[in-house]
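Working notes, beginning with the structure itself.
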Amino acid sequence: MQGGKAPTAKQKRWQDWLRDQGCACCGMPAEIHHCVGSTGKHSKVWIGQDFTIPLCPRHHRHEASIDKNTAQFVTEYYGEPRDIGRRGMEKTIFAGLVAHYRRQRGELPCSAEVLAAIEDYHR
């Protein structure tokens, strides 16, 4: 890990599970995208290692990345253009993955306090 704050064991399990799901956009092998950086906080709640989504290198760091081309990313994810912006896209993907994790594992990947802070982030 380069800088930032290391994930807890529970956060590591969440991120490993996310990688196993494949890229949220195209299904290719994924790496972890920290939506607000690994040290991100909101309302004094550390959300950086929890507010993560799986993206392949192309959708994470290259020409079609969520940071550089949100309009294309949103269109690829939804099949049509939508005006929800980068943060809205990240939150939509994250919420769907949390729901899937809960159905599969019978538990939330993080605390209710963290989920509320993520939901409220940059409203």
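- Rounding to the nearest 0.5 angstrom, the gap separating the CG atom in L55 from the CD1 atom in I32 is 8.5 Å.
- Residues W46 and K41 come closest through the heavy atom pair CA-CG, 3.8 Å.
- In terms of heavy-atom proximity, E113 sits nearest to V45 at OE2-CG2, 3.7 Å.
- Counting only heavy atoms from C-beta outward, the side chains of D120 and I118 never approach each other to under 4.5 Å.
- The residue from D50, T52, T8 that alone fulfils the side-chain hydrogen bond (donor to acceptor under 3.5 Å, both in side chains) condition with W14 is T52.
- The heavy-atom pair separating H42 from A117 by the smallest distance is CD2-O, 3.2 Å.
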key: Residue pair Q15, H34: steps toward the side chain to side chain contact (heavy atoms under 4.5 Å, CB included) verdict   = CA-CA 10 Å; Q15 292 174 9; H34 293 80; 3.9 Å; yes
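- In this structure the side chain of R87 reaches within 4.5 angstrom of the side chain of V36, judged on heavy atoms.
- Using a distance-only test at 3.5 Å, with no hydrogens or angles considered, no donor-acceptor pair links the side chain of K12 to the main chain of A6.
- Summarising the geometry, atom CE belonging to M89 is positioned 10.5 Å from atom SG belonging to C35; distances are rounded to the nearest 0.5 Å.
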Could you go through residues 17-31 and list every donor-acceptor pair under 3.5 Å that involves a side-chain atom there, pairing it with any protein atom two or more places apart or in another chain?
unit_1: W17; atom_1: NE1; unit_2: Q104; atom_2: OE1; d: 2.5
unit_1: R19; atom_1: NH1; unit_2: D16; atom_2: OD1; d: 3.0
unit_1: Q21; atom_1: NE2; unit_2: W17; atom_2: O; d: 3.0
unit_1: E31; atom_1: OE1; unit_2: R61; atom_2: NH2; d: 3.0
unit_1: E31; atom_1: OE2; unit_2: H60; atom_2: ND1; d: 2.6
unit_1: E31; atom_1: OE2; unit_2: R61; atom_2: NE; d: 2.7
unit_1: E31; atom_1: OE2; unit_2: R61; atom_2: NH2; d: 3.2

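- Across every non-hydrogen atom of C110 and K10, the tightest pair is N-CE, 4.2 Å.
- L108 and F51 end up in the same hydrophobic cluster when Ile, Leu, Val, Met, Phe, Trp and Tyr side chains are linked at under 4.5 Å.
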